[in-house]
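Letters A, B, ... mirror the listed sequences (proteins, then strands); counts begin at 1. From a predicted model like this one, the values you see are computed outputs, not experimental measurements.
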There are 2 protein chains.
Amino acid sequence: MSQPTKRDRILDAAEALFAERGYDGVTLRQIASEAGVDVALASYHFGKKLDLFNAVFERRAEALNRSRLEALRNVQRESAPAFPTVEQIIEAFLRPLELTQENADPGWRHYLALIAYVNNSTYWGKQMMSKLFDDLVQEFIAALRGALPGASDENLYWCYHNLSGALTLTFAQTERIDTLSKGKCLSSDFQAAYDHMIPFVAAGFRQVCQKN
Amino acid sequence: MSQPTKRDRILDAAEALFAERGYDGVTLRQIASEAGVDVALASYHFGKKLDLFNAVFERRAEALNRSRLEALRNVQRESAPAFPTVEQIIEAFLRPLELTQENADPGWRHYLALIAYVNNSTYWGKQMMSKLFDDLVQEFIAALRGALPGASDENLYWCYHNLSGALTLTFAQTERIDTLSKGKCLSSDFQAAYDHMIPFVAAGFRQVCQKN
DNA sequence: ACCCTTTTTCAACAAGCGTTGAAATGGACT
DNA sequence: AGTCCATTTCAACGCTTGTTGAAAAAGGGT
């Protein structure tokens, strides 16, 4: 069990700080200070500030995509030759994110908050999200198309938009629901969030996309 | 029909720029330049940069709350003595936002994007949103409680969380769905967004909150 | 025409920013 | 011990930032 390298400490510090304050709200000096290294070391390892931001954003993307795709393949295999249900697909989309939280590493929590920041940003959102996550999303939408025969693309994508929004707000962990619900709901409780999100979203998809 | 004052031009410019790049991504000089005034004028009218940010955020809040509350009162009056349905309540929550878009003024569109920025931010979200919008939200949740007898607060607030997330992503107008759907859905089309969001969300509320 | 107040600009400040070239350190191999 | 290369620090650069005090301009009342 070795210590993380200084390079990794920079990534971890940048991840946490970017997630909380956004790209422009964080200085390289803050990141270096948090990581306990000299400012110049960030430039040595990553180049420009923007390159560091991209490195942080890309670091965990592959692992995330892999575990979600694996979850989708699992339910597809289990339900074969029929298509998996909407609930099963949504579940495969969400539950892997929950596992990352049980892990003691707080980095994953910061990473999801960073995704929320990027996904909701007019400026960053479009390109960065598409590049890393579009393939996976299309894979899930294809599965949903199988579960909802006859659904139009327009309806499917708008429903996905609603799912994506609800998920993104969960990632952000703003604690808004904590005060709103007077402590009855906690935005840090991802499991509760998904427990309520899965039936909610599945019912929404059926209502909008299902032939009557 | 008089020109807007320089003070208003600063607010408009700040609104547009803060919405796109966030608080830290915009300089007072950019705002002043966009508004066509000297840098020092922003300080003269609003004080610190943070005070300007708050002024922008608060400027349209009252009008927004008023039109949403009015829409809620309308459906309550129409359905009296019974409670309005879930669809009617969600509709009252969303449609007033759409009207702000028909208006030629692009400021409202920027303002909604700014709300998205604030609502998804760990740093800004909690306090700023609560202060201006909590009373209204509780009003709507009380109405939903009437439409969904027996629903627990926990279920109600998690469902609202899902609604809020979907709505926030719509506000952000990231154009992500445009590319994802290959142009079949446009994030600039608020009416289409709400047309799909209302039945989606209403079905979700019923699924999670309704007694069987 | 004068005064008073509000609005607007000008000029400058200290502080902090991202970035870089050169120096120092450390480890691996001979 | 000595060489080489990757890593890390040091020190400094040119630039931009938010903010401010004083000057200038504009407007209204008499």
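- Taking atom CG of A:Asp38 as the reference point, atom P of C:dT19 lies 14 Å away to the nearest angstrom.
- Separating the CZ atom of A:Arg7 from the C1' atom of D:dT9 is a distance of 19 Å, rounded to the nearest angstrom.
- The nearest whole Å value for the distance from the CG atom in B:Asp24 to the P atom in D:dG18 is 10 Å.
- A salt bridge does not link B:Glu154 to A:Lys184: none of the charged nitrogens lies less than 4.0 Å from a carboxylate oxygen.
- Comparing A:Ser43 and B:Leu41 against DNA chain C, the residue whose closest nucleotide sits nearer the 5' end is B:Leu41.
- The residue among A:Gln30 and A:Ala40 whose nearest nucleotide of DNA chain C is located toward the 5' end is A:Gln30.
- Among the nucleotides D:dT19, D:dT8, C:dT20, the one closest to any side-chain atom of B:Leu28 is D:dT19.
- Geometric assessment of A:Arg68 against the ring of A:Phe93 yields a positive cation-pi assignment under the 6.0 Å and 45° thresholds.
- Contact annotation: side chain of A:Arg29 to base of C:dG16, donor-acceptor pair absent below 3.5 Å.
- In this structure, B:Val39 reaches the bases: a heavy-atom distance under 4.0 Å links it to at least one base atom across the strands shown.
- Put simply, A:Lys49 has no side-chain N or O that comes within less than 4.0 Å of OP1 or OP2 on C:dC17.
- Between B:Phe53 and B:Trp124, the ring planes are tilted. Angles from 30° to 60° get that label.
- Annotation: cation-pi pair B:Lys49/B:Tyr23 present, NZ/CZ under 6.0 Å from the ring centroid and within 45° of its normal.
- Of the charged side-chain nitrogens involved, none lies within less than 4.0 Å of a carboxylate oxygen, so that A:Lys182 and B:Asp153 do not count as a salt-bridged pair.
- Following rounding to the nearest Å, A:Leu50 (CG) and C:dG18 (C1') show an atom-to-atom distance of 12 Å.
- Rounded to an integer number of Å, the gap from CG of A:Asp51 to C1' of C:dT20 is 15 Å.
- Counting non-hydrogen atoms under 4.0 angstrom, B:Thr27 reaches the backbone sugars and phosphates but no base.
- Here D:dT8 presents its C1' atom at 14 Å from CZ of A:Phe46, a figure rounded to the nearest Å.
- One finds a side-chain N or O of B:Tyr44 lying less than 4.0 angstrom from the OP1 or OP2 phosphate oxygen of C:dT7.
- The side chain of A:His45 places an N or O atom within less than 4.0 Å of a non-bridging phosphate oxygen (OP1 or OP2) of D:dT8.
- Summarising the geometry, the separation between NZ on A:Lys6 and P on C:dT25 is reported as 13 Å, rounded to the nearest angstrom.
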